[in-house]
There are 2 protein chains.
Amino acid sequence: MATSAAATRSASGTVATSAATSTAAARLRVAVPSVADRVADELRLQLAEGVLLPGARLTESTIAEDLGVSRNTVREAFAELASERLVVRHPNRGVFVASLEPGDIHDVYTVRRVIEVSAIRGGGSPGAVAAVRAAVEEGKVAAAANDDEGLGTANQHFHGAIVALAGSRRLNTIMSQVLAEMRLFFHKATMDANFYSGYLKDNEEICEALEAGELEKAAELLLAYLDRSEEKQAEVHGE
Amino acid sequence: MATSAAATRSASGTVATSAATSTAAARLRVAVPSVADRVADELRLQLAEGVLLPGARLTESTIAEDLGVSRNTVREAFAELASERLVVRHPNRGVFVASLEPGDIHDVYTVRRVIEVSAIRGGGSPGAVAAVRAAVEEGKVAAAANDDEGLGTANQHFHGAIVALAGSRRLNTIMSQVLAEMRLFFHKATMDANFYSGYLKDNEEICEALEAGELEKAAELLLAYLDRSEEKQAEVHGE
DNA sequence: ATCGAAGGATTGTTGAACAATCGCTAAATT
DNA sequence: AATTTAGCGATTGTTCAACAATCCTTCGAT
């Protein structure tokens, strides 16, 4: 697995670009993610894939060793993940993979209802609507291929696209954080093979209403969908 | 100086600590904020008070020295503030107090429209409505005392209370972050003495509609208010 | 004046160290 | 025996010192 083989690539980088004029290099620099960011990315990945399950403890020294970075860097990565609610810090005890209590499930869906429904009510540019459509088609393809994993991500793309209708950078990042948070406990739910299957038609309907400019109808459909989804989640989880 | 002073309010079940001793003490321990958190608090304070103005650079070593902490700790505090968008990290260049471009202003108001309007549309418990009313009264008092500063915070309390109607922990923290972000550049706007004065009546009206259960009317009033507010902000700021 | 090459400063990251704190186990008390 | 106490080991919180990488500026060369 992955092994972030980070480590020492020291002198190589600059040599080739020496003649390439420093200003140009600086201008098209594509923000090489810091080590802390890459550690956070790796952990986010493991979180999303279910390698790290809710409640699991993340020991600084262990992770530092595994990824070949220093404890301090791991610490910065933890801060990042904690700000996204993916992990929880228990002072002096360590950080743990966040686990959502029943109350949190409702809370998350409240956020989704507020943001998604508002976004769809506002309509959106043709390009943004097209993105929603694209997510629907992505879901169909995944369904045809019996790819549950792909179906799940397509669904997330769908809802991400809906929020994107509002064209707000901040709303987009909020939504992506909420979705990441949900991925944390989707593994249990995904057990049920046709968990998403029903959603496919919902998404199609919502998308059609949106394309037809029937925003109020789309909003109602979406709201109903979210209510049902929350109920299912609450069902799968304890009470 | 300064003072994190936050939080030793463990008032609730403090009852008898006599026999309970260690275990009880451990149970109701009120999480002494870590040094990094206190540094973040201090910086947040200076940010809100305008001591640190948008665009200003925050040098790690300087702050570490000023506050008597290590560079690493400052770094953790920066991560916290960056996640709240109060500062921006320019890789290898340092962190700077966030400055909102015209586009950001619109973005922030988009978030506010989505969240606040949805929240008020949903109504809220009597207690939550009472909190809105309390914020209105707080504003009146401040206005009577000619306390511009107080008027500003009362206004923020008002909008925070509106979001609180939804009863969602996550929405509350999102909103408080947005408000903190706005405080960053309110200083320029606050110049205008009667900048908030007009809002007072708006808030009163909105609150009355809310109390009367006329949610749709309240939502419309709030929306109109936000639109006007954004316009004013865009005016004060470049372009 | 433009361009490119040192120089200095600051960030990014590491490694080691130590105090504070937590959880657990074993001893001591009743 | 049960419960409290004390002690121990492990982990976190924080500091310090170092170094490479990178940026900004100044200086010098063309």
Side-chain angles (χ1 to χ4, degrees), chain A residues 4-42 56-82 87-96, chain B residues 4 17-42 56-82 87-96:
Chain A
S4 74
T8 55
R9 60 184 77 130
S10 48
S12 60
T14 54
V15 180
T17 60
S18 64
T21 76
S22 58
T23 71
R27 192 142 305 160
L28 40 90
R29 170 167 305 295
V30 179
V32 166
S34 75
V35 176
D37 284 336
R38 281 182 317 222
V39 171
D41 283 344
E42 173 64 21
R57 178 175 188 175
L58 302 181
T59 313
E60 293 181 358
S61 45
T62 304
I63 292 180
E65 235 176 84
D66 285 1
L67 301 183
V69 301
S70 103
R71 242 186 81 208
N72 262 321
T73 302
V74 172
R75 208 150 227 286
E76 282 198 38
F78 281 171
E80 206 172 317
L81 297 176
V87 303
V88 183
R89 280 194 117 116
H90 287 238
N92 288 317
R93 292 179 22 81
V95 318
F96 301 79
Chain B
S4 47
T17 56
S18 53
T21 59
S22 64
T23 70
R27 191 142 304 160
L28 44 87
R29 169 168 309 293
V30 177
V32 165
S34 74
V35 175
D37 285 335
R38 279 180 320 217
V39 170
D41 283 344
E42 173 63 22
R57 179 176 188 175
L58 302 180
T59 315
E60 293 181 356
S61 45
T62 305
I63 292 180
E65 237 177 82
D66 286 0
L67 300 183
V69 300
S70 104
R71 243 184 82 208
N72 262 322
T73 302
V74 172
R75 208 150 227 283
E76 280 197 40
F78 280 171
E80 206 172 317
L81 296 175
V87 303
V88 183
R89 280 193 116 116
H90 287 237
N92 288 318
R93 293 180 22 81
V95 317
F96 300 80

**Request:** For the pair B:R57 (side chain) and B:R93 (backbone), establish whether a donor and an acceptor sit closer than 3.5 Å, ignoring hydrogens and angles.
**Result:** yes
**Request:** Could you check how far CG of B:N72 sits from C1' of C:dT13, rounded to whole Å?
**Result:** 9 Å
**Fill in**
Heavy-atom closest pair (A:V95 atom, A:R89 atom, distance to 0.1 Å) is CG1-CG, 3.8 Å
**Item:** Smallest separation among heavy atoms of A:E42 and A:L67, with atom names
**Value:** CG-CD2, 4.0 Å
**Qualifying residues under salt bridge (charged side-chain N to carboxylate O under 4.0 Å, His left out), relative to A:D37, sequence neighbours excluded** = none
**Message:** What is the separation between atom CD on A:E76 and atom P on C:dT13, rounded to the nearest whole Å?
**Reply:** 7 Å
For nucleotides 8-12 of chain C, tabulate all protein N/O to nucleotide N/O atom pairs closer than 3.5 Å, reporting atom names and distance.
unit_1: C:dT10; atom_1: O3'; unit_2: B:R57; atom_2: NH2; d: 3.3
unit_1: C:dT11; atom_1: OP1; unit_2: B:E60; atom_2: N; d: 3.3
unit_1: C:dG12; atom_1: OP1; unit_2: B:N92; atom_2: N; d: 3.4
unit_1: C:dG12; atom_1: OP2; unit_2: B:R75; atom_2: NH2; d: 2.1
unit_1: C:dG12; atom_1: O5'; unit_2: B:R75; atom_2: NH2; d: 3.0
unit_1: C:dG12; atom_1: N7; unit_2: B:R71; atom_2: NH2; d: 2.8
unit_1: C:dG12; atom_1: O6; unit_2: B:R71; atom_2: NH1; d: 3.4

**Message:** Please tell me if A:T73 has a side-chain N or O lying less than 4.0 Å from either OP1 or OP2 of C:dT14.
**Reply:** yes
**Fill in**
In short, B:V39 meets B:A77 closest at the heavy-atom pair CG1-CB, 3.6 Å
